[in-house]
Amino acid sequence: MQFRKCTEGDYESVIGLFKQSGQYDPTWDTAENLREKITRLPDSILLCEVDGDMVASVFTMEDGWGTFIYRLVVREDKRKQGIGKALMEHAETVLRQKGKKEAAIFVHDVRQDLLDWYAAQGYLLEDPKSYRSLYKKL
């Protein structure tokens with residue numbers, strides 16, 4: 001298992017992971033958006049390779065106020081092998097090395113399996129009445 005930063009040349013592979021996992025969004029997941037994200041923060045998309053084959057990705061975001069980890073995706077045929085956990089730990093290490101003291105994640109509340117998985121990784125569930133994520137297309 002090897003970890004590395006995403007490059008522009010990884011676009012199709014990252015999008016393939018998103019499509020396979022049902023996380024692809026044509027509004028957000030454009031080559032231009034990926035290029036802008038990795039140009040501004042080169043280590044904000046981290047990849048995991050096994051034998052040279054990209055099998056997982058995770059995004060991070062830092063805005064000076066908060067730090068977030070999101071969009072962890074492990075290729076379906078590579079799940080339940082510790083890859084997601086290892087990639088999360090790598091992302092946390094990268095953030096810790098930048099002096100970050102905590103990170104938040106967003107999980108859809110209907111995904112109890114993911115809520116349980118993140119809890120097993122040490123993430124604490126906030127009061128369910130405290131925040132809701134909303135968005136608007138501009």
Side-chain angles (χ1 to χ4, degrees):
M1 212 178 313
Q2 294 207 1
F3 305 109
R4 66 176 179 83
K5 299 173 190 176
C6 183
T7 67
E8 279 188 56
D10 294 313
Y11 174 75
E12 292 299 329
S13 296
V14 170
I15 295 311
L17 282 174
F18 288 161
K19 287 180 177 179
Q20 176 263 318
S21 69
Q23 289 194 37
Y24 176 72
D25 182 320
T27 301
W28 291 99
D29 297 326
T30 65
E32 181 181 326
N33 284 349
L34 181 121
R35 181 176 29 261
E36 184 175 340
K37 182 166 179 52
I38 61 178
T39 298
R40 281 198 212 177
L41 293 166
D43 57 357
S44 64
I45 303 175
L46 301 171
L47 307 176
C48 177
E49 293 181 333
V50 174
D51 298 323
D53 189 23
M54 198 220 311
V55 298
S57 66
V58 67
F59 283 35
T60 64
M61 182 174 67
E62 311 159 62
D63 71 356
W65 177 81
T67 303
F68 304 91
I69 298 175
Y70 60 106
R71 297 190 90 179
L72 173 67
V73 178
V74 177
R75 203 171 71 197
E76 197 169 340
D77 64 326
K78 296 294 185 181
R79 293 182 185 161
K80 307 250 187 242
Q81 298 177 28
I83 293 169
K85 180 177 180 166
L87 184 54
M88 281 293 291
E89 288 171 352
H90 178 69
E92 292 166 356
T93 297
V94 168
L95 293 170
R96 203 175 295 111
Q97 289 170 343
K98 293 178 173 187
K100 304 304 175 188
K101 304 272 188 251
E102 70 178 25
I105 57 172
F106 296 107
V107 179
H108 198 289
D109 28 345
V110 300
R111 292 297 308 267
Q112 189 62 48
D113 59 328
L114 290 178
L115 291 168
D116 293 343
W117 188 86
Y118 282 112
Q121 309 315 307
Y123 284 82
L124 305 172
L125 183 62
E126 295 246 8
D127 176 351
K129 296 177 274 183
S130 64
Y131 296 101
R132 276 303 220 204
S133 174
L134 292 94
Y135 78 97
K136 178 181 180 180
K137 292 197 184 275
L138 301 177

Please set out all donor-acceptor pairs under 3.5 angstrom arising from side-chain atoms of residues 87-96, sequence neighbours excluded.
| unit_1 | atom_1 | unit_2 | atom_2 | d |
| --- | --- | --- | --- | --- |
| E92 | OE2 | Y123 | OH | 2.7 |
| T93 | OG1 | E89 | O | 2.9 |

Gap separating the CD1 atom of I15 from the CG atom of L17, nearest 0.5 angstrom:
9.0 Å
Starting from L47, can I reach L41 by hopping between I/L/V/M/F/W/Y residues whose side chains sit under 4.5 Å apart?
no
Any R71 side-chain heavy atom under 4.5 Å of S57 side chain
no
Taking the side chain as everything from C-beta on, heavy atoms only, tell me whether T60 gets closer than 4.5 Å to K100.
no
Identify, with sequence neighbours excluded, every residue that meets side chain to side chain donor-acceptor pair (under 3.5 Å) alongside D63.
none
Hey, which of V73, V74, I105, L72 is the one that makes side chain to side chain contact (heavy atoms under 4.5 Å, CB included) with V58?
L72
Are the side chains of Y118 and I69 in contact, using a 4.5 Å heavy-atom criterion?
no
Partner residues of D77 under the salt bridge (Lys or Arg N to Asp or Glu O under 4.0 Å) criterion, sequence neighbours left out
R75
Counterpart residues, side chain to side chain donor-acceptor pair (under 3.5 Å), relative to D51 (two or more places apart):
none
By side chain to side chain donor-acceptor pair (under 3.5 Å), which residues pair with Q97, not counting sequence neighbours?
none
Please collect all side-chain hydrogen bond (donor to acceptor under 3.5 Å, both in side chains) contacts where either partner lies in residues 11-24, sequence neighbours excluded, each pair once.
Q20-E76
Within a strict 4.5 Å, meaning less than it, do heavy atoms of the T67 and K98 side chains meet?
no
Got a sec, which residues hit salt bridge (Lys or Arg N to Asp or Glu O under 4.0 Å) with E49, two or more places apart in sequence or on another chain?
R4
I'd like to check the salt bridge (Lys or Arg N to Asp or Glu O under 4.0 Å) partners of K37; sequence neighbours left out, ordered by chain and number.
none
Nearest heavy-atom contact between T27 and D25 is N-OD1, 2.8 Å
Applying salt bridge (Lys or Arg N to Asp or Glu O under 4.0 Å), can you list everything that pairs with E32, at least two apart in sequence or on another chain?
none
Residues two or more places apart in sequence or in another chain: which of them pass side chain to side chain donor-acceptor pair (under 3.5 Å) with R79?
none
Closest contact, heavy atoms only, E8 versus I38:
N-CD1, 3.4 Å
Short question: side chain of D10, backbone of T7 - any donor-acceptor pair under 3.5 Å?
yes
Determine whether C6 and F59 make a side-chain contact, defined as any pair of heavy atoms from C-beta on separated by less than 4.5 Å.
no
For Q81, the side-chain contact (heavy atoms from CB on, under 4.5 Å) test, sequence neighbours excluded, returns K78, I83
Looking at W28, is its backbone amide N or carbonyl O close enough to the side chain of N33 to form a donor-acceptor pair, meaning the two atoms are under 3.5 Å apart?
yes
